[in-house]
There are 2 protein chains.
Amino acid sequence: MKLTSRGRYAVMALVDLARFDNVNPVSLRDISLRQGISLDYLEQIFSKLKKDQIVKSTRGTQGGYVLSKKPNEIKLTNIFQAVDEKVKTVQCKKDSKKGCNGKATKCITHNLWDELESHINSFFEKKSLEDLLKSNKENRL
Amino acid sequence: MKLTSRGRYAVMALVDLARFDNVNPVSLRDISLRQGISLDYLEQIFSKLKKDQIVKSTRGTQGGYVLSKKPNEIKLTNIFQAVDEKVKTVQCKKDSKKGCNGKATKCITHNLWDELESHINSFFEKKSLEDLLKSNKENRL
DNA sequence: TACATACCTGACTAAAATGGTCAAGTATAG
DNA sequence: CTATACTTGACCATTTTAGTCAGGTATGTA
């Protein structure tokens, strides 16, 4: 089980964005330079973030991205969901041949993964962008 | 972020094993048939479990595997560790070019992943094979 | 002793996911 | 009208996953 770097980049970029969008929109180019993430890759990620209305965009010179909500309203769940970084443990739906179809007869460990999933998600649901900003006040890059 | 099926199979197989090893060793062939997991794949998995002393093996006719500890002494952490199913969130060690080398200058989200990791691991450390056996008493396959 | 059973080992592979790059746009501020 | 910056979609190399396959080796039983 591992986290992909897409999810990590998304969070890094948004924290960066939250720090700098006070006045003007922030360009991906700036984020790319500051965080060391490929510009092209950032564009992919932000198109997803936009589709889920986590950020808004302005085109043209001086354009860029802005958060569409307040930092404390953006939870990690939202971010991960947007970039397809979902916590998926079991996919028993397909294995219907061997008893686990998610309905009547569950495989022996089915409940376990359900529990795990909600355990992880509860972590993501509590943490907001604001929390990350705060914990970075001291430990500033 | 997802769990691989190797980890899932390992847990399924061990629960199965725990249920049937009261008298004789359990052959992988039986587990394979009951759980619908390829025998060859099971062998790979059990060689790892054996290396970490979670199971013991007996060769020859009537041979098979037995747990080397009591079900309540086998935590999920142990199982996952054995089959290389480790929770790894960030690998910042290599990205040393951009500030995060895990030491002095951490990347903005470094602490976050550390927190996440221990949150997940605490779940795995609490759950033992015995817990799974119990919760399967009612919900028996 | 032979043979079937079951563990043991390592090489190999198809398919999917990951982590990007590249190319060709479109919109807009100045 | 031009530079900037978002937008879209195709493409690709590498790695990981989830196995398969082909050989073993050990051992209880007949």
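To find a chain, count down the sequence lines: A is the first, B the second, and so on, and within it residues start at 1. Computed from a prediction, not measured in an experiment: that's the story for all the values here.
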What's the closest nucleotide to the side chain of B:T61 if the choices are C:dG20, D:dT27, D:dT16? D:dT27

DNA chain D: 5'-proximal contact among A:G60 and A:D40 (nearest heavy atom): A:G60

Whole angstrom value for the distance that separates P of D:dC6 from CG of A:L17: 10 Å

Name the residue closer to the 5' end of DNA chain C, choosing between A:L39 and B:G63 according to the nucleotide with the nearest heavy atom. B:G63

What nucleic acid atoms does A:V26 come within less than 4.0 Å of, heavy atoms only: base, sugar-phosphate, or nothing? sugar-phosphate

OP1 or OP2 of D:dT7 under 4.0 Å from side-chain N/O of A:S57: yes

Kindly indicate whether a cation-pi arrangement holds for B:R34 with B:F20, taking the cut-offs as under 6.0 Å to the six-membered ring centre and within 45° of the axis. yes

With no angle test and no hydrogens, is the base of D:dC6 tied to the side chain of A:E43 by a donor-acceptor pair under 3.5 Å? no

D:dA18 phosphate, OP1 or OP2: any side-chain N/O from B:S5 under 4.0 angstrom? yes

Quick one: are B:D30 and B:D16 in side-chain contact, heavy atoms under 4.5 Å? no

Using a distance-only criterion (donor-acceptor N/O pair, under 3.5 Å, no hydrogens), is the base of D:dT7 paired with the side chain of A:Q44? no

Could you tell me how far apart A:I37 (CD1) and C:dG20 (C1') are, to the nearest whole angstrom? 12 Å

For the pair made of OH in B:Y41 and C1' in D:dT16, what is the distance, rounded to whole Å? 10 Å

To the nearest Å, give me how far apart NZ (B:K51) and C1' (C:dC8) are. 13 Å

Under 3.5 Å, is there a donor-acceptor pair between the A:S128 and A:E73 side chains? no

When you measure from the side chain of A:R59, which nucleotide among D:dT27, C:dG20, C:dT26 comes out closest? C:dT26

Does the side chain of A:V55 come within less than 4.5 Å of A:V66's, by heavy atoms? no

Looking only at the side chain of B:R29 (C-beta and beyond, no hydrogens), which of the listed nucleotides D:dA5, D:dG19, C:dA6 gets closest? C:dA6

Using only heavy-atom distances, determine whether the side chains of B:S57 and B:K50 contain a donor-acceptor pair under 3.5 Å. yes

Using the side-chain heavy atoms of B:R6, tell me which of these nucleotides is nearest: D:dA18, D:dA22, C:dT21. D:dA18

At 4.0 Å (heavy atoms only), tell me whether A:S47 reaches a base, stays on the sugar-phosphate, or touches nothing. nothing

Reckon B:S38 has a side-chain N or O less than 4.0 Å from the OP1 or OP2 of D:dT20? yes

Picking from C:dT21, C:dG30, C:dC7, which would you name as closest to the side chain of B:Y65? C:dC7

Here the distance between atom C1' of D:dA26 and atom CD of B:Q62, to the nearest Å, is 15 Å

Return the value, rounded to whole Å, for the distance between atom CG of B:L28 and atom C1' of C:dT9. 14 Å

Nearest-Å distance for atom pair OH/C1', residues A:Y9 and C:dG19: 8 Å

Give the rounded distance in Å between these two atoms: CD1 of A:I45 and C1' of D:dT8. 16 Å

NZ-CG distance between A:K70 and A:L129, expressed to the nearest 0.5 angstrom: 14.0 Å

Decide yes or no, distance alone: a donor-acceptor N/O pair under 3.5 angstrom between the base of D:dT17 and the side-chain of B:E85. no

Check the phosphate of C:dC8 against B:K50, side-chain N and O only, distance under 4.0 Å to OP1 or OP2. Yes or no? yes

